[in-house]
2 protein chains.
Amino acid sequence: MEIPDIVVGRLPIYLRALSHLESIGQTVTSSHEMGNALGISSAQIRKDLSHFGEFGKQGTGYQVKYLVDQLRRILKVGADWDIAIVGAGDLGRALANYNGFADRGFRIRAIFDSDPRRIGQTHGGHVVQDARDIGRVLPELGIRLAMVAVPAAAAQLVADHLVAAGVQGILNYAPINILVPEGVQVQYIDPVVHLQRMTFYLEAPTPNPVTG
Amino acid sequence: MEIPDIVVGRLPIYLRALSHLESIGQTVTSSHEMGNALGISSAQIRKDLSHFGEFGKQGTGYQVKYLVDQLRRILKVGADWDIAIVGAGDLGRALANYNGFADRGFRIRAIFDSDPRRIGQTHGGHVVQDARDIGRVLPELGIRLAMVAVPAAAAQLVADHLVAAGVQGILNYAPINILVPEGVQVQYIDPVVHLQRMTFYLEAPTPNPVTG
DNA sequence: GATGCATCGTGAATTCTGGCACAAGACTGT
DNA sequence: ACAGTCTTGTGCCAGAATTCACGATGCATC
């Protein structure tokens, strides 16, 4: 039975909400409670989860810890995934220093840049390596995921190198679409896309006659 | 006629791709070319655009510049939107220094933090202000959009203050869902959500017996 | 100007998605 | 024990979203 992509996309949201409940000491929840917190219908949550098994109990709801474990298993984030960061600019450094990966199944293992002035610097405990070494270092470390934080003009080339090095998933922060072979996962993060999606629903700004 | 959200969500992607074509000097494109570049069917692109008018010409395709202008108008990013950043940690600073907003319809106008050690620092040409002044400063500047880059534990409170200050759209980088009044737009950026969405489709990692 | 090819916009057909509503089960309190 | 209240998992179906396929049109070439 094939799981719809759109369902898969919601699972990390559920996991995040459940982990939050767990962290505040709540042991049981319901599809209604989760739905209210997430702005999703309870029926949707139940149906999504039902693709993978029966995790709840009638009349009671879901055991938070048990459901967290199940979602971690389903999403395969039980053991840590190693990640490489390409690009040691402001964003790459922020990612390298971010401590929100560790407890959610991911671990930064390497960071690369092509600028000689950045190579050798240390960020988040990792020495910036020469981007030309991606093809050697990634297979050595068995890294299969990468975050791309380079200028748009370089993103496709970087992606090509990553794929050649065996990377199977790319999280692309560069504001450009990239093409990869079938079987390689790509996800995009572009704040402007989200901002523009919001402004569609708002009244257009009136240019300030003073500041321009 | 109501435009489906899912269509609105694709428009910024189209705009980004078209702007790229424009930047490399291409003056004409087609739904097929765009579709190939974006991994979207050409019919989908044509139908999405048809919600807003007839922008192409049979046999020829679309004038890139014209379509860019139209999408900017539709998304209301013709004139610049002012944005506030809340949180001057690594991520907030990276956003403040990012120069990719300016030419896509947005302009950072203020940055806030609650940590006295950060207040007064300058990032991206903006002095970090006291987060307690959000309620005063935002209305003064007429800011209606904000990016939240604070720890998850603080995100809901910050969002409440932003909404009270008249903010109509929040781009939330904190890994937690927030509740806002109806009419306020919220978008989320959480790299881990994207990573987990990819790992679902990959083989689970085998823990390295040496490094753990 | 006629032919061949390319492309758009769109109605129809198909596939997908979400929500309703209910049977079944679980818990609480008397 | 039993009534009352919750909650899950799911069959069903309406509506949404996507794709198909085609008429209409534009351009290049001969």
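Atom set for the values below is all heavy atoms of this structure, side chains included, hydrogens, waters and symmetry mates excluded. Residue numbers begin at 1 in each chain, while the letters A, B, ... track the order of the sequences.
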Without decimals, in angstroms, what is the distance between A:Leu67 CG and D:dT7 P?
16 Å

Exercise: do B:Tyr14 and B:Asp48 side chains pair donor with acceptor under 3.5 Å
yes

Residue pair B:Ile108 / B:Met147: nearest heavy atoms and the distance that separates them:
CD1-CE, 3.7 Å

Identify whether any heavy atom of B:Ser31 sits under 4.0 Å from a base atom; if not, whether one sits that close to sugar-phosphate; answer base, sugar-phosphate or nothing.
sugar-phosphate

Is a salt bridge present between A:Asp190 and B:Arg16, judged by a nitrogen-to-oxygen distance below 4.0 Å?
yes

Nearest-Å distance for atom pair OH/P, residues A:Tyr62 and D:dT7:
11 Å

Please tell me which of the listed nucleotides, C:dA24, D:dT18, C:dG9, lies nearest to the side chain of B:Gln44?
D:dT18

Want to settle it: does A:Val7 or A:Arg46 sit nearer the 5' end of DNA chain C, counting the closest nucleotide to each?
A:Val7

Considering heavy-atom distances to DNA chain C, does A:Asp48 or A:Gln58 have its closest nucleotide positioned more toward the 5' end?
A:Asp48

N-O pairing of A:Asp69 and A:Lys65 below 4.0 Å:
yes

Whether the A:Glu33 and A:Gln26 side chains hold a donor-acceptor pair (N or O, under 3.5 Å, no angle test) is what I'd like checked.
yes

Under 3.5 Å, which protein N or O atoms sit close to an N or O of nucleotides 11-13 of chain D? Give each pair with its distance.
| from | atom 1 | to | atom 2 | distance (Å) |
| --- | --- | --- | --- | --- |
| D:dG11 | O6 | A:Lys47 | NZ | 3.2 |
| D:dC12 | N4 | A:Lys47 | NZ | 3.1 |

So what does B:Leu49 hit on the nucleic acid, given a heavy-atom distance under 4.0 Å: a base, only sugar-phosphate, or nothing?
nothing

Rounded to whole Å, CZ of B:Phe55 lies from P of C:dG9 at a distance of 9 Å

Within residues 16-30 of chain A: residues closer than 4.0 Å to DNA chain C (heavy atoms):
none

